[in-house]
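Counting starts at 1 for both ligands and their atoms, following the listed order.
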Amino acid sequence: MAHIVVSLGGSVLIPDDRDNHFLIRVAELIRRSAKDRPLIVVCGGGKVSRYYIGIAKELGASRDEQDQMGIDVTRLNAKLLQLAIGEDCFPGIPTSIDEAEAAASRSRIVVMGGTAPGHTTDAVSAMIAERLKAERIVNATSVEAAYSADPKKHADAARYSSLTHQQLLDLVNKGHHSAGPSDVFDKLGAEVAMRSNVPIYIVDGRNMQELEAAVRGEKVKGTVVGNSQ
Ligand code: UTP
C-alpha cells in the first residue's frame, strides 16, 4: 500500500497551548491510521525555530547556519512526536530522503524533521512523497484551507475546495499572505508535488476530524490540490 506523507506544521504541533494534550491525540491518530497505510510524518519547527533563527541571525550566523538551527528544532519536535507515538514508531530520526526511504522500508510509522538548508519541511514532505510514490501529502497547517487572499483582510476572499497543482503554484508565486504563503504550502514543495503529480490535502491540523479525513483521503473542509479522481 502506498504511503501517506503528513507535513505537520510546527505551530500546529507545538502551539504553546496544552502541547502534550495535542501530541497525545495526534499520536493516537497516527497509530490508528498506520494500521491501514504506512505514514511518514515530517514535523515543522514553528515559533521555536523562528526564535532560535532570530537569535542566531543577530549573532551574525550565515543563512546556512540559521537554517541548521531551524532543522535542529524540527528534529526536536519530531523527537517529541516520536515519544508520544511510542514503540510503533521507527526509533531514529532520518536526516535525509535516503535515510527516510530506508526507515520506511522497515517501519509503518516514520517521523522526521528537516533535511538540508535552503528549504522547509513542506519541501521535505514533497521530496519524500516523490521518492516513495506516495498516495498523497497531507499538509496539516494552521489555516483551514487555501484562499485567494487573506480572509482576515479581504472579506470577499474566495475559499478553494480544490485546486490544480498549477493553481496552487500561482497562488504561492503571487505571495498571497493568507497566513504566510508557507502556511498553505511552500513553493519548492508545490513544484515537486506538481512534477510528481502527488495530491496535497491542505487542512487545519488542529482539527482531528479533518486531519483523519485527509489521511484517509475522504472529503475535507480544506483544499484538495491535484486530485484527479
Ligand atoms: P519549517 O518547515 O517549520 O519552516 O522549518 P516554516 O515553513 O518557515 O515554518 P512554519 O511552517 O511557519 O512553522 C523551520 C526552518 O528550518 C529550516 C528553515 O530555516 C525553516 O524556515 N529548514 C527546515 C531547513 O533549512 N531545511 C529543512 O529541510 C527544514
Interfacing atoms of ligand 1 (cut-off 4.0 Å, heavy-atom, [X]):
X: T115; value: 27 (C), 28 (O)
X: G114; value: 27 (C), 28 (O), 29 (C)
X: V124; value: 28 (O)
X: A116; value: 24 (C), 25 (O), 26 (N), 27 (C), 28 (O)
X: P117; value: 25 (O)
X: R50; value: 9 (O), 10 (P), 12 (O), 13 (O)
X: S49; value: 14 (C)
X: G118; value: 25 (O)

Handout entry: K187 bridged to E191 by N-O distance under 4.0 Å
Key = yes

Completion exercise
When every non-hydrogen atom of R159 is compared with those of A145, the smallest separation belongs to NE-CB, 3.7 Å

Out of [options], whose heavy atom sits nearest [atom]?
atom: atom 17 (C) of ligand 1; options: I53, L13, D67, T121; value: D67
atom: atom 13 (O) of ligand 1; options: G45, C43, G44, G46; value: G46
atom: atom 22 (N) of ligand 1; options: M69, R75, H119; value: H119

Fill in the blank from the handout: Under a side-chain separation threshold of 4.5 Å, the hydrophobic residues clustered together with M1 are none

Exercise for the section: Report the hydrophobic cluster partners of Y51, with the cluster defined as I, L, V, M, F, W, Y residues connected by side-chain heavy atoms closer than 4.5 angstrom, directly or transitively. Expected result: V48, Y52, I53, I55, L59, M69, V73

Exercise for the section: Decide whether a cation-pi geometry holds between R106 and F90; the criteria are a distance under 6.0 Å from NZ or CZ to the six-membered ring centre and an angle within 45° of the ring axis. Expected result: no

Exercise for the section: Establish whether L76 and F22 are linked, either directly or via other cluster members, by ILVMFWY side-chain heavy-atom contacts under 4.5 Å. Expected result: no

Practice task
Answer yes if the side chains of D64 and Q68 hold a donor-acceptor pair under 3.5 Å, and no otherwise.
Solution key: no

Handout entry: Whether over 12 other heavy atoms sit under 6.0 Å from Q209 CD
Key = no

